Amino acid sequence: MTDEMKTQAQSYDESQIQVLEGLEAVRKRPGMYIGSTGPKGLHHLVYEIVDNAIDEALAGFCTEIQVTILPDNVVRVSDNGRGIPTGIHPKEGISAATVVYTILHAGGKFGGGGYKVSGGLHGVGASVVNALSEWLKLTVKDGTHVHYQEFHRGDYSEPIRIIGDTTETGTTVEFKADPEIFTETTEYDYETLLKRLREQAFLNGGIRIIFRDERDPENVQEEILHYEGGIRQFVEYLHEKRGLESLSKDVIYVSGMDGDSFAEIALQYNDSYNEMILSFANNIHTADGGTHEVGFRSALTKVINEYGKKFGLLKDGTKLLGEDVREGLTAIISVKLTECEFEGQTKGRLGNPSVRPFVEKLVTEKLMNYFEENPTVARAIFDKSLSAQTAREAAKKARETARRKSAMESASLPGKLADCSEKTTEGTELYIVEGDSAGGSAKEGRDRHYQAILPLWGKMLNVEKARIDRVYGNEKLMPVVTALGTSIGEDFDIEKLRYGKVIIMADADVDGSHIQTLLLTFFFRFMRPLITNGKVYLAQPPLFKVSKGKKYKYAFDEAERDKYIAEFADADGNTSKVNVQRYKGLGEMSSEQLWETTMNPETRSMMRVELEDAEKADEIFTVLMGDKVAPRKAFIEKNARYAQNLDV
Ligand code: 1YM
């Protein structure tokens, strides 16, 4: 051995020890590095690797990224960048590529220059993915050679080596998540990955991401995500997907720099009453907003008010509020900073103080210019805001009337409500029941001590097509509001909820799911904390009664029905004495049956409505309850499973 070889071998051993200690920490507390070891953490592995490829694209060296889910949930990420450097790292004495994949926090320290723009949950990157993978294979092409190295749970037995020649450049990583770590599941969800990759393609306009799912060889899926228009196309995509009509043809786009900080904003108004502002900092979604969003909002309010003042269009002495100018707005805000400060419990809020005045000034100046150059669009936006203001004032009047009325009638409950005798909320339940006949059975069957029944009938207001002023005084919805006691919108107060649980009981048919969806839309838009506090449930009435003689069982789907038929069959499999009754509606059940199957807390099964993803839920409600048929049809065809079993 030469002296040089000796020192190399020595530092190789030293790095090996360091590697094992570092990666051992990751395997001991994976949650600290990837947030969780559930599905979220699993998908995070892919994002970490993809982020490195996106960084390379942002540095201007890579144009295409391929992400493929292979059979057995192996993931392959490949880019056509420069390839991770493979030369000996001066400090560690081993290949830089090996350092990146084995030493914690290695990622951004090399190279320098330019900002590290993308980055996952904690930006620790490749070595964390390696530590949490059963195996990982790294291939680097540097235009001359193909370099290759393999790892097992972050550890390696052979250094990186040359396995061939090439004229190409790029990096390919293939890995299999470790089932010892991801005990819940190692299966990737196509839609989850697609959504995130699409988002990255919009945020980094021009990059081409090719996403493939090859897990089922019979049914390979491929999606090419390539948007030259960047976040402008993101806004168009969000409108199209929801079947929303835009107020003007063009998406408004502004961008600018302040020192090393970059900000860009794309916005467009649509014909709905909802606002959707999605903000990002260094390509990370800031779900709880932050300084970039605050800057944008105040600029928007200011510019539209200025416009009104300039042309004398504002009603005397009034001002448009933020909520007025954001009605029907879809906006994407993306900032890229050298250093992001993320705040809050889930690190979902951007904290950097200087970003607020930067974005505010940028949007104010550029939007003012835009309004001057595009007077027709400016006027349409102003008029829309003004109509929102008018509606807000009407809602205020309606609210005051509703308040005065309820004060006068001192909590007079709806006539149709059969209240429970228990006066505290403890253990009490309100059943909202479709139809008078089912309501009758429910009233008879219930435990009147703690179960209240509110029957609903007839066609209900679709709140997706109405503003709050129409909810006040609506004869179908107001009984629900009064029975719950909480009021709606800004006035909503969960402390005033009169029951412990709110249970929607509807037929298991098309009309039933329609009424269920209408009520959920209403709760989602006007009483959202009712859902986020886990107060809303869906009753699960059985579909079949399978009986033989005096024995019977209730079945909640076809599979269960067939199971019970088989159970009740004679020893020789004869089912001629088995009787199957199909319930077409709640009204067909006797009050005893309804109690036994759907209302008795000891025996019933219910679904709790949870809000896993408010953005997704928003989309579902817009598409399902909005007035465009084509996107709804597409949605239902694609999500037949979800549409039947709405789990918002
Ligand atoms: C499939 C994942 O990791 N691509 C990738 C990573 C790097 C580079 C190029 C790269 C970066 C730099 C210089 C630099 C990384 N290199 C490093 C480190 N794709 C993927 N493509 N040359 C190449 O940042 O200066 C870390 S990531 F540290 F080795 F330079």
Side-chain angles (χ1 to χ4, degrees), residues 395 398-399 401-403 405-407 409-420 422 425 428-440 442-443 446 450-507 511-539 586 598-599 606-609 611 617 621 624-625 646 648:
R399 188 165 75 213
T401 315
R403 272 187 196 153
K405 221 167 120 190
S406 78
E409 294 166 8
S410 72
S412 95
L413 291 164
K416 290 261 182 187
L417 175 75
D419 211 356
C420 53
E422 176 60 52
T425 57
T428 61
E429 302 174 340
L430 175 68
Y431 276 84
I432 304 178
V433 186
E434 172 205 7
D436 273 343
S437 73
K443 270 181 205 172
R446 68 178 172 149
Y450 65 94
Q451 290 177 322
I453 311 293
L454 179 66
L456 293 182
W457 66 102
K459 198 166 149 41
M460 209 187 335
L461 177 72
N462 178 0
V463 294
E464 197 58 35
K465 293 174 192 160
R467 288 185 177 122
I468 196 164
D469 56 316
R470 286 188 49 211
V471 175
Y472 288 111
N474 180 276
E475 56 167 357
K476 300 285 185 287
L477 288 173
M478 278 323 273
V480 178
V481 178
T482 348
L484 292 177
T486 55
S487 193
I488 55 173
E490 279 171 54
D491 286 346
F492 182 90
D493 183 359
I494 193 108
E495 295 296 322
K496 298 217 176 97
L497 182 62
R498 300 180 58 251
Y499 306 94
K501 289 191 176 86
V502 180
I503 303 164
I504 303 173
M505 185 156 73
D507 285 339
D511 287 344
S513 44
H514 190 65
I515 205 150
Q516 187 174 294
T517 313
L518 283 166
L519 273 171
L520 286 177
T521 311
F522 176 58
F523 290 157
F524 180 73
R525 294 283 180 219
F526 295 104
M527 299 177 141
R528 194 170 304 181
L530 210 57
I531 299 179
T532 50
N533 283 283
K535 302 291 186 191
V536 183
Y537 294 79
L538 304 178
L586 293 163
T598 318
M599 297 180 73
M606 292 199 304
M607 258 205 280
R608 195 202 330 240
V609 180
L611 191 60
F621 285 127
L624 281 182
M625 309 310 283
L646 195 78
V648 281

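Since we're looking at a predicted model, the values are computed, not measured.
Side chains of Val536 and Leu520 form a contact here, defined as non-hydrogen atoms less than 4.5 Å apart. At least one side-chain heavy atom of Leu530 sits less than 4.5 Å from a side-chain heavy atom of Leu484. Using a 4.5 Å heavy-atom cutoff, the side chains of Met527 and Val481 are in contact. At a threshold of 4.5 Å between non-hydrogen side-chain atoms, the residues Lys535 and Ile531 do not count as touching. Side-chain contact between Thr401 and Tyr472 is absent, with no heavy-atom pair separated by less than 4.5 Å.
Scanning all heavy atoms of the two residues, the minimum distance from Glu434 to Gly512 falls at OE1-CA, 3.7 Å. Residues Val463 and Phe526 approach most closely at CB-CE1, 3.6 Å, considering heavy atoms. Taking every heavy atom of both residues into account, Ala506 and Leu586 meet most closely at C-CD1, 3.8 Å. Between Asn474 and Pro479, the shortest heavy-atom distance links the atoms O-CD, 4.2 Å. Considering all non-hydrogen atoms of both residues, Tyr499 and Ala483 come closest at CE1-O, 3.2 Å. In this structure, Val433 and Gly439 approach most closely via the heavy-atom pair CG1-N, 3.8 Å.
Expressed to the nearest 0.5 Å, how far OH of Tyr431 lies from OG1 of Thr598 amounts to 7.5 Å. In this structure, CD1 on Ile453 lies 10.5 Å from CG on Asp419, to the nearest 0.5 angstrom. Atom OG1 of Thr425 and atom CG of Leu430 lie 12.5 Å apart (nearest 0.5 Å). Atom-to-atom distance recorded for Leu454:CG and Lys443:NZ is 8.5 Å, nearest 0.5 angstrom. Taken from NZ in Lys501 to OH in Tyr450, the straight-line distance is 9.0 Å, to the nearest 0.5 Å. In this structure, OG1 in Thr486 is found 4.5 Å from CZ in Phe492, a value given to the nearest 0.5 Å.
The side chain to side chain contact (heavy atoms under 4.5 Å, CB included) test with Phe523 is passed by exactly one of Val502, Val609, Leu518: Val502.
Proximity of a side-chain donor or acceptor of Arg446 to a complementary backbone N or O of Gln451 within less than 3.5 Å is detected. Asn462 places a side-chain N or O within donor-acceptor distance of the main-chain N or O of Met625, the cut-off being under 3.5 Å. Side-chain N or O atoms of Asn533 include one that pairs as donor or acceptor with a backbone N or O of Pro529 at under 3.5 Å.
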**Asked** Can you check side chain to side chain contact (heavy atoms under 4.5 Å, CB included) on Met505 and Leu538, steps first, answer last?
**Response** CA-CA 6 Å; Met505 185 156 73; Leu538 304 178; over 6 Å; no

**Message:** Could you go through Ile432 and Leu456, starting from their C-alpha distance and side-chain angles, then the distance that decides it, and tell me whether this counts as side chain to side chain contact (heavy atoms under 4.5 Å, CB included)?
**Reply:** CA-CA 7 Å; Ile432 304 178; Leu456 293 182; 3.4 Å; yes

**Prompt:** What's the verdict on side chain to side chain contact (heavy atoms under 4.5 Å, CB included) for Phe522 and Leu477, showing C-alpha distance, side-chain angles and the deciding distance?
**Reply:** CA-CA 9 Å; Phe522 176 58; Leu477 288 173; 3.8 Å; yes

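Within a 6.0 Å radius of CZ in Arg470, other residues, nucleotides and ligands contribute 12 heavy atoms or fewer.
Ion pairing between a basic and an acidic side chain is recognised when a charged N comes within 4.0 Å of a carboxylate O; Asp469 and Arg399 show no such pairing.
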